[in-house]
Structure formats: C-alpha cells, structure tokens
Amino acid sequence: MNEAHPSTNPRPKFQGRSDFARELRAAVEKALAGADKRHTGGWRIALKSLIVFAWAVGAYLTLILWASSWWLVLLCMLALVLGVAAIGFNVQHDGGHHSYSSRGFANRLAALSLDVVGGSSYVWHHKHNILHHTYPNISGYDDDLEAAPFLRLAYHQRRHWFHRFQHFYAWLIYGGLSIKWQLFDDFWAVIRGRIGQHRMPRPRRIQLAFFVLGKLLFYGWALALPLILHPVHVVLPLYLLCAGLLGIVLAVVFQLAHCVDQARLLEMPSGDKPIPRGFFEHQLDTTVNFANRNIVATWYLGGLNYQIEHHLFPRVSHINYPLIAPVVRAVCDRHGVAYRETPSICGALASHWRFLKRLGRGMQLEAGAAAS
Ligand SMILES: [Zn+2]
C-alpha cells in the first residue's frame, strides 16, 4: 500500500520548452519530410495489421476447433498469446496514439482492437496516454508503477519484508495482473471514475456502449464459445494460462523501457512547484531503448524497444522509429543529454531484475533519483 499520495489537482506542469526540445522537434520533422515519410504507418502498418490478426485468429480457431493433442493445444495457446500481444503492440498502441493513420476513423478502429482482446481503449487512453505518457516514472502519477502491495516499483512506496524477493516472484505477479485487468480493473475504474488517485470522466453513451460491447465480445470468444465446445475443466485452466502468459509478455515488454536500472524514478515536487525540467528532458531521463539492432524484436514489438522515440513523439508511428532514432541521438549528443540504450533483450531483462532487486531492498537505482 502506498504512503500518502500527492495531490492530483491541478496536474503539475513541466518547465517551458528548451532549445534542446526545439532543435529535436525540428530535426525529426526534417527527417520525416526529407525521406518523404509520413508520421503515420502507411501501407506497412496496414499489412502488419493483417498479418497479426490472421496470426491470432488462425491460432484461436485451431485451438478451439481442431487441436486434439496436448502438444498442439500448447503450441496454439502460445501462438494465440503472442498473436494477441502483437495486436496490442502493433495495432492498438499506434491507434490509441493517433499515429496509425491520418484518418481519425482508422485510428479509432485500431484503438478499439484493445476492446476485442480484453482491455478497454477508453480506460487505456486515460491510464496510458495521459498519466503514463505525461508523467513516466513519477511516483503517484504514472499508473504503471502501481502494483502495491505485491511489488515495490517506486521509492515512496512502502517496503514490506517480502519485497526483498520481488526480483524472483515479480514475473508471476505480472501474469496475475493481466487476469485482474481483464476481470476487474477496467470495471472498477469506470465505476469509481478514477484511475488510482486520479479522476477519469466516466464513459457516456457511445463510449459506454463500446466499453460494454467490447467486454461482451471478449468474454464471448475467450470463454463463452470455448465453453459451448469444451468442458469447463478444460476451458477455465486454459483461459487462466493464456491470460497469465499474456500478462507476463505485456508487462515485461513495458517494464523493460522504464523499470530498469538506468532509468530514473522521481517523486513529484511538493506544493505548486513545476517539475524542474523540460518535458522532453524528463522523457529521456526516465526511458531506455533496448535491442534496437534486433530486427525480429523491432518488427514484433511495434517500436516498444524504441520507447525513447515513442515517448518523445507518440504521434509518429512506430514504423518510423528506426528512421528518426539516429536523429534523436545526434541532437542528444549535441546538447549533452543522455540517450540510454541496452543493446540486447537479455541485457534489458537483467536491468529489470536489478531494478526489482534494488527497490525491494530499499536501495537507490544505478541512475539514482533525479532532484525533484
Ligand atoms: Zn504509448
């Protein structure tokens, strides 16, 4: 359980825009224009969407209709989990940030894919686009740091004796968090009109209709249809296993960008003081890229291994991140701003392990705590 949360109203502001931010923005715009690129994903993201949807639907139909041996069931489950995660990484995330297409309708449709696979695009918008993207790694504001009392992911969260072992058991907790998200968290956020301590306007009319229809559709394909075709003692364990695996995949990928030893964790300044740094500088202080030269990871993760570029320019599609990354790095170098990167997935996993271990034992991260 957290200790006293900071006030949530009004939301704190960052310092005004710096020369660094102006130059960064201009350099990235020039790179996108010069290469005749659009901010959005174009045909490449449309093709990718077809591939990941065909992957997930193919795995699902094989699982519920034709898989008769245990090894084929396990194979289809794994393919389904990775396919659903790929929809989240590559389609929903860009749609939610309006970078999927220049057409609003296509972005909305892509964002709604989250409702089909068990989440709520409405709650996600407030939790991810507003709280996480504005205040990454700021305790009490970034909801991605909230897994108390099971995990301690920020300095001001209370430390319990069992956190000493959190680097061993966190991976299982991530699986449980996904099941909790699908079955409980979205409903609780809508009923309370809050995410954590932060107000969220309750969905109304069309938003509420999409919320309810999305949940019905998800429970329809994930539980009701399999229960018509198979006994409950087969369906329920397989559902829990799939949802758990999905949670581990999603949480680990997101944690590798922020909850790592090289990223900084902050607390909000007290009173009405502004955050003592610019918005762009804060994103670079709290975000780490990983495995940028791994073409399979870059394709599959939908740019979530390029989180620096994503946090600086969330309205640019992930398709363009490898193009703008060298530009971002060059501007950072010119201004002496740290551009943090881990070369491999294994290195990033080890860094997350160290993050959990240090927080669980009450130690500072390697990056230390930025002044607030
Ligand atoms: Zn995002």
Side-chain angles (χ1 to χ4, degrees), residues 11 14 24-25 28 39-41 45 48-49 52 84-101 104 106-115 117-138 141-146 153 174 177-178 181 185-186 189 195-196 198 200 246-247 249-260 263 279-280 282-292 297-322 324-325 328 340 348:
R11 293 231 172 98
F14 290 91
L24 193 54
R25 193 176 284 276
V28 166
H39 288 62
T40 51
I45 203 167
K48 216 174 179 188
S49 305
V52 295
V84 166
I87 291 172
F89 297 151
N90 292 281
V91 182
Q92 174 267 328
H93 195 201
D94 274 41
H97 283 294
H98 304 271
S99 64
Y100 185 90
S101 165
N107 285 320
R108 185 80 190 107
L109 215 54
L112 279 171
S113 62
L114 180 62
D115 297 74
V117 297
S120 159
S121 54
Y122 181 85
V123 177
W124 171 270
H125 169 76
H126 292 275
K127 174 184 160 62
H128 180 81
N129 292 20
I130 296 176
L131 291 176
H132 171 67
H133 267 272
T134 311
Y135 305 113
N137 279 13
I138 298 187
Y141 285 77
D142 181 358
D143 198 60
D144 287 8
L145 296 175
E146 300 299 328
L153 301 177
Y174 293 150
L177 289 177
S178 147
W181 180 22
D185 287 354
D186 284 338
I195 295 172
H198 303 271
M200 177 192 79
L246 179 64
V249 173
L250 295 178
V252 168
V253 168
F254 277 99
Q255 299 292 55
L256 296 188
H258 301 290
C259 291
V260 286
F279 176 80
F280 277 23
H282 175 75
Q283 306 296 325
L284 279 150
D285 228 11
T286 54
T287 310
V288 179
N289 280 5
F290 63 92
N292 283 175
T298 297
W299 186 89
Y300 177 73
L301 296 175
L304 290 172
N305 56 334
Y306 281 88
Q307 285 264 18
I308 289 178
E309 286 67 30
H310 176 58
H311 268 261
L312 295 172
F313 301 100
R315 292 254 176 162
V316 173
S317 168
H318 76 266
I319 297 284
N320 298 319
Y321 292 161
I324 65 171
V328 172
R340 297 175 172 89

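Counting starts at 1 for both ligands and their atoms, in listed order.
- Judged by distance alone, the side chain of Asp142 and the main-chain N or O of Pro136 form no donor-acceptor pair under 3.5 Å.
- For Asn289 (side chain) and Ile308 (main-chain N/O), a donor-acceptor pair under 3.5 Å exists by modelled atom type.
- The backbone N or O of Val91 sits nowhere less than 3.5 Å from a side-chain atom of Tyr100 that would complete a donor-acceptor pair.
- His132 and His311 have their aromatic ring centers within a separation under 6.0 angstrom.
- No close placement of the His198 and His126 rings is indicated, their centers lying 6.0 Å or farther apart.
- Protein N/O/S atoms closer to the Zn ion (ligand 1) than 2.8 Å number 5 in this structure.
- Ring centers of His318 and Tyr306: at least 6.0 Å apart, outside the cut-off.
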